[in-house]
Amino acid sequence: QVQLVESGGGLVQAGGSLRLSCVVSGRTSTIYTMAWFRQAPGKEREHVARIDWTTGMPYYTNSAKGRFTISRDSAKNTMDLQMTSLKPEDTAVYYCRTSDGSRWSDDWGQGTQVTVSS
């Protein structure tokens, strides 16, 4: 299993920026993909972006494309999400998640709250 710690959330006005970080420990050698998910009030938890751990190739959902940038440092076991042009609809608790290439891990971090005011 892996342990995940998210940080970097906060309160920001619409149009502002935040940089989220995730630190992973434990069985890091099994990581194939890492991803950011978010859960807004009254909504299901949804995928935002993911990154191939080995190559760094990113993938973005439509909501993130053009505004968010995902990155990782596999040597430091960290993953970041640089968020710009934030909108109130980005308000959510953001979580990171890992995959070993076969399935997503059932382990979640504590999440970090992002609140975007209008």
Side-chain angles (χ1 to χ4, degrees):
Q1 295 186 356
V2 298
Q3 296 79 48
L4 303 163
V5 179
E6 301 95 339
S7 63
L11 175 64
V12 65
Q13 291 184 334
S17 301
L18 284 172
R19 189 178 186 92
L20 309 183
S21 294
C22 173
V23 180
V24 58
S25 60
R27 289 190 172 185
T28 58
S29 62
T30 67
I31 297 175
Y32 183 82
T33 304
M34 288 195 69
W36 286 99
F37 286 72
R38 68 186 181 187
Q39 187 166 23
K43 302 288 187 178
E44 296 293 324
R45 192 168 297 185
E46 65 175 355
H47 175 253
V48 178
R50 65 178 183 266
I51 190 165
D52 183 272
W53 199 244
T54 301
T55 67
M57 181 173 293
Y59 172 82
Y60 302 98
T61 60
N62 287 334
S63 64
K65 190 175 298 182
R67 300 189 300 126
F68 298 176
T69 301
I70 189 170
S71 62
R72 96 282 184 256
D73 188 334
S74 57
K76 297 180 179 179
N77 295 323
T78 59
M79 177 181 66
D80 288 0
L81 185 69
Q82 178 64 53
M83 305 188 294
T84 62
S85 301
L86 284 164
K87 305 174 182 178
E89 48 262 48
D90 294 318
T91 296
V93 179
Y94 284 71
Y95 302 87
C96 51
R97 196 181 191 186
T98 66
S99 170
D100 62 5
S102 298
R103 61 181 294 274
W104 290 106
S105 173
D106 291 327
D107 299 318
W108 297 90
Q110 84 286 354
T112 185
Q113 176 71 52
V114 172
T115 303
V116 184
S117 62
S118 60

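Counting begins at 1 with the first residue of the sequence.
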S.K.: Mind checking what makes salt bridge (charged side-chain N to carboxylate O under 4.0 Å, His left out) contact with R45, not counting sequence neighbours?
M.R.: none

S.K.: Applying salt bridge (Lys or Arg N to Asp or Glu O under 4.0 Å) as the test, list every pair that has at least one member in residues 67-78; sequence neighbours left out.
M.R.: R67-D90

S.K.: Suppose clustering is done on Ile, Leu, Val, Met, Phe, Trp and Tyr with side-chain heavy atoms closer than 4.5 Å. Which residues sit in the same group as V5?
M.R.: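 Taking Ile, Leu, Val, Met, Phe, Trp and Tyr as members, V5 stands alone, with no cluster partners.
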
S.K.: Which residues pass the side chain to side chain donor-acceptor pair (under 3.5 Å) test with S29, not counting sequence neighbours?
M.R.: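 Residues passing side chain to side chain donor-acceptor pair (under 3.5 Å) with S29: none at all.
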
S.K.: So which atom in T30 and which in R27 form the shortest heavy-atom distance, rounded to 0.1 Å?
M.R.: OG1-O, 2.8 Å

S.K.: Can you list the residues that meet the side chain to side chain donor-acceptor pair (under 3.5 Å) rule with T115, with sequence neighbours excluded?
M.R.: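 Residues passing side chain to side chain donor-acceptor pair (under 3.5 Å) with T115: Q113.
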
S.K.: With salt bridge (Lys or Arg N to Asp or Glu O under 4.0 Å) as the rule and sequence neighbours excluded, what pairs involving residues 52-62 come up?
M.R.: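 Salt bridge (Lys or Arg N to Asp or Glu O under 4.0 Å) check on residues 52-62 returns no pairs.
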
S.K.: May I have all residue pairs that pass ring-ring contact (aromatic ring centres under 6.0 Å, His included) and include part of residues 96-118, sequence neighbours excluded?
M.R.: F37-W104, F37-W108, Y95-W108

S.K.: Other hydrophobic cluster members with V12, side-chain heavy atoms of Ile/Leu/Val/Met/Phe/Trp/Tyr under 4.5 Å, chained?
M.R.: V2, L4, L18, L20, V24, I31, M34, W36, V48, I51, W53, Y60, F68, I70, M79, L81, M83, L86, Y94, V114, V116

S.K.: Distance-only, no hydrogens or angles: does the T28 side chain make a donor-acceptor pair with backbone N or O of S25 under 3.5 Å?
M.R.: no

S.K.: Please, which pairs that meet salt bridge (Lys or Arg N to Asp or Glu O under 4.0 Å) have at least one residue in residues 94-106, sequence neighbours excluded?
M.R.: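 Sorted result for residues 94-106: R103-D106.
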
S.K.: Tell me every residue that passes side chain to side chain donor-acceptor pair (under 3.5 Å) with S118, counting only those two or more places apart in sequence or in another chain.
M.R.: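 Expected list: none.
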
S.K.: Which pairs, with at least one residue in residues 10-22 and sequence neighbours excluded, count as a salt bridge (Lys or Arg N to Asp or Glu O under 4.0 Å)?
M.R.: R19-D80

S.K.: Applying salt bridge (charged side-chain N to carboxylate O under 4.0 Å, His left out), can you list everything that pairs with E46, at least two apart in sequence or on another chain?
M.R.: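 Testing E46 for salt bridge (charged side-chain N to carboxylate O under 4.0 Å, His left out), a comparison that skips the adjacent residues, returns R38.
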
S.K.: To the nearest 0.5 Å, tell me how far S117 OG sits from Q13 CD.
M.R.: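 Those atoms lie 5.0 Å apart.
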
S.K.: Would you say that S105 contacts Q1 through its side chain, given a criterion of any heavy-atom pair below 4.5 Å between the two side chains?
M.R.: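 They are not in side-chain contact.
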
S.K.: What heavy-atom pair brings H47 and A35 nearest, and what distance separates the two atoms?
M.R.: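 H47 and A35 have their closest heavy atoms at CD2-CB, 3.9 Å.
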
S.K.: I need the minimum non-hydrogen distance between S85 and S17, along with the two atoms involved.
M.R.: N-OG, 4.5 Å

